[in-house]
A.B. asks: 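Right, I'll just put the structure down here and ask away after.
In what follows, every chain begins at residue 1, and chains take the letters A, B, ... in the order their sequences are listed.
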There are 2 protein chains.
Amino acid sequence: MGKLFSKTYLALRQEILSGKLASGKCLVEQPLADKFGVSRTPIREAIRQLQQEGLVESDRRGGLRVTVVTIADAIHLYDCRLGLEQIAAMGACENATPAQLEDLQDCLAQANLADSIVTETIGNNSSGLSISPEQSDELENRLRIDQSFHRLLAESSGNPQLVDLLEQVFSKMALLRLTTTYQQPDVLEIWAEHERIIEAIMQRDSQAAAVAVRDHLIASKARVVQALQGLRTGASLQGIALF
Amino acid sequence: MGKLFSKTYLALRQEILSGKLASGKCLVEQPLADKFGVSRTPIREAIRQLQQEGLVESDRRGGLRVTVVTIADAIHLYDCRLGLEQIAAMGACENATPAQLEDLQDCLAQANLADSIVTETIGNNSSGLSISPEQSDELENRLRIDQSFHRLLAESSGNPQLVDLLEQVFSKMALLRLTTTYQQPDVLEIWAEHERIIEAIMQRDSQAAAVAVRDHLIASKARVVQALQGLRTGASLQGIALF
DNA sequence: TGTATACCCGTTGTATACAAACTTTCTTTA
DNA sequence: TAAAGAAAGTTTGTATACAACGGGTATACA
């Protein structure tokens, strides 16, 4: 179907996730409609969709803006993931199909491959502050792989409700993760943690899987919080709002 | 603000949650607009809102209908609650305010009060199949109390994201409740389980709280599954109550 | 100069008209 | 009679016009 609203939705989403529409930016219907060459109606639909995803939130004055993710939100979202993904891992131990297990392993393989490429071509990023386009692409790639892993994990649980809820959490974190991954290029630990999760699931050991997920998310949360606090002290951003 | 869409949203929501708009019923914009005396625009807005809440889902043919909650969904939703509410309880141990603790205790007191009233006026329901209006009201009351408890628990965590996610789960479970009528569950056990949760939280013992929540939800899930299985085998739709 | 009021402009909410896609049914033809 | 196609009806998508609400500014008056 050639619906305009889905096109504008995708375009808007891309603008938000790429940072062209910055967090906190007010979304006004008519200018957006002009920008995309459509009327206000599909813009409204698109914004509603984004609101549903958590990428757009209502302002205090009833207006709409790109969601602002605070440090507190990041922590809260990680706690939600902690609860949901432990259940997902336990469910995966019971219900993951062979194909899904294979997908998870593929994901890990891609991760290692991507990591080796980055290590070869770029090396570690401890030297400078600036990030080249190639680095940016590779880091973007890692982010995608990580997201794929967690999405596959959710799907492997065989619980569609869980998938839906986690999807929402991931959407809200997308803004956050976009900025934090650049600050935290050392992801070898992450892949190791993913491997432990997969191993536990393949052994159908739900307790071990839950523990592995818990450890992974607690570690990730710590990494992100550290990165965010570093960001905050570096810039002169007032209060809790980060972006 | 006297926005029409919020009025129609509330009206539609009420119709869905009261069962006047049955699960699976297709939602067509123009008839609904005629029914509520508004144009299609606010109807669309309201439906989008309900879709966001999970009370409306898209049909296979792209149409919209009142969400259909299956038995499998019920089990999956309980698993989601299991994950989220354990986190909520642990959060509550850290962040619950004295006022919130008091509210939780009030909730329990109301539960005991309601229970004694039901016991006095009605007695247990082991005898017959039919349920009087008074019984129905009292069971409705208990359901509200139970929902209040879990809502307060979520809020006590101090995690708004968690509150949002649990709200969605509760909404969908409310739909399931409508597909059947009530059956008197063993409520004394439920209140006792609630009490254990509160005690753990008041002692700020997050591990105990998580265990208490886990035990409670596993028991609740078992109760519901048992009721559902009996419902399937038995000819008469006695129904279930979700606690 | 400070405050209050009135008006203008920007933004969202609502109604309505029209278009496009899909369904269904009836008709026509092989 | 069956199948294919066309026409009518249904439903959602889109554009647009207008209304209502609110904020900000300018002006008038104290």
A.B. asks: With B/L32 as reference, evaluate B/V38, B/T8, B/I47 under the side-chain contact (heavy atoms from CB on, under 4.5 Å) test and give the passing residue.
C.D. replies: B/I47

A.B. asks: Just how far, in rounded Å, is P of D/dA20 from CZ of B/F5?
C.D. replies: 18 Å

A.B. asks: Between A/L27 (CG) and C/dG10 (P), how many Å, whole number?
C.D. replies: 19 Å

A.B. asks: With a 4.0 Å cut-off on N to O distance, would you call B/E45 and A/R44 a salt bridge?
C.D. replies: yes

A.B. asks: So, are A/E167 and A/R151 salt-bridged, with charged N and O less than 4.0 Å apart?
C.D. replies: yes

A.B. asks: Counting distance only, does the side-chain N/O of B/D73 pair as donor-acceptor with the main-chain N or O of B/T70 below 3.5 Å?
C.D. replies: yes

A.B. asks: What are the atom names and distances for every N/O pair under 3.5 Å that joins the protein to nucleotides 21-23 of chain D?
C.D. replies:
none

A.B. asks: Apply side-chain contact (heavy atoms from CB on, under 4.5 Å) to the pair A/S156 and A/N95, showing each step before the final yes or no.
C.D. replies: CA-CA 7 Å; A/S156 299; A/N95 304 317; over 6 Å; no

A.B. asks: Under the ring-ring contact (aromatic ring centres under 6.0 Å, His included) test, which residues partner B/H76, sequence neighbours left out?
C.D. replies: none

A.B. asks: Check the surroundings of atom CD in B/E94: do more than 12 heavy atoms from other residues, nucleotides or ligands lie under 6.0 Å from it?
C.D. replies: no

A.B. asks: When you measure from every atom of DNA chain C, which of residues 31-45 of chain A have a heavy atom less than 4.0 Å away?
C.D. replies: A/R40, A/R44

A.B. asks: Roughly, in whole Å, what's the span from CZ in B/R48 to P in C/dG13?
C.D. replies: 15 Å

A.B. asks: Which residues satisfy the ring-ring contact (aromatic ring centres under 6.0 Å, His included) test with A/F149, sequence neighbours excluded?
C.D. replies: A/H194

A.B. asks: Write out the stems for DNA chain D, ordered by first number and formatted as range with range, counting runs of at least 3 consecutive Watson-Crick or G-U wobble pairs under 3.5 Å.
C.D. replies: C:1-30 with D:1-30

A.B. asks: Can you name the residues that form a salt bridge (charged side-chain N to carboxylate O under 4.0 Å, His left out) with B/K20, not counting sequence neighbours?
C.D. replies: B/E15

A.B. asks: Without decimals, in angstroms, what is the distance between B/Q30 CD and C/dA17 P?
C.D. replies: 11 Å

A.B. asks: Check the distance between D/dT12's P and B/D59's CG and give it to me in whole angstrom.
C.D. replies: 11 Å

A.B. asks: Any chance you could measure B/Y9, atom OH, to B/Q14, atom CD, to the nearest 0.5 Å?
C.D. replies: 11.0 Å

A.B. asks: Rounded to whole angstrom units, what separation is found between the CG atom of B/L4 and the P atom of C/dT14?
C.D. replies: 5 Å

A.B. asks: When the distance from CD of B/E29 to P of D/dG9 is rounded to whole Å, what number comes out?
C.D. replies: 21 Å

A.B. asks: Would you say B/Q100's side chain and B/T97's backbone share a donor-acceptor pair under 3.5 angstrom?
C.D. replies: yes

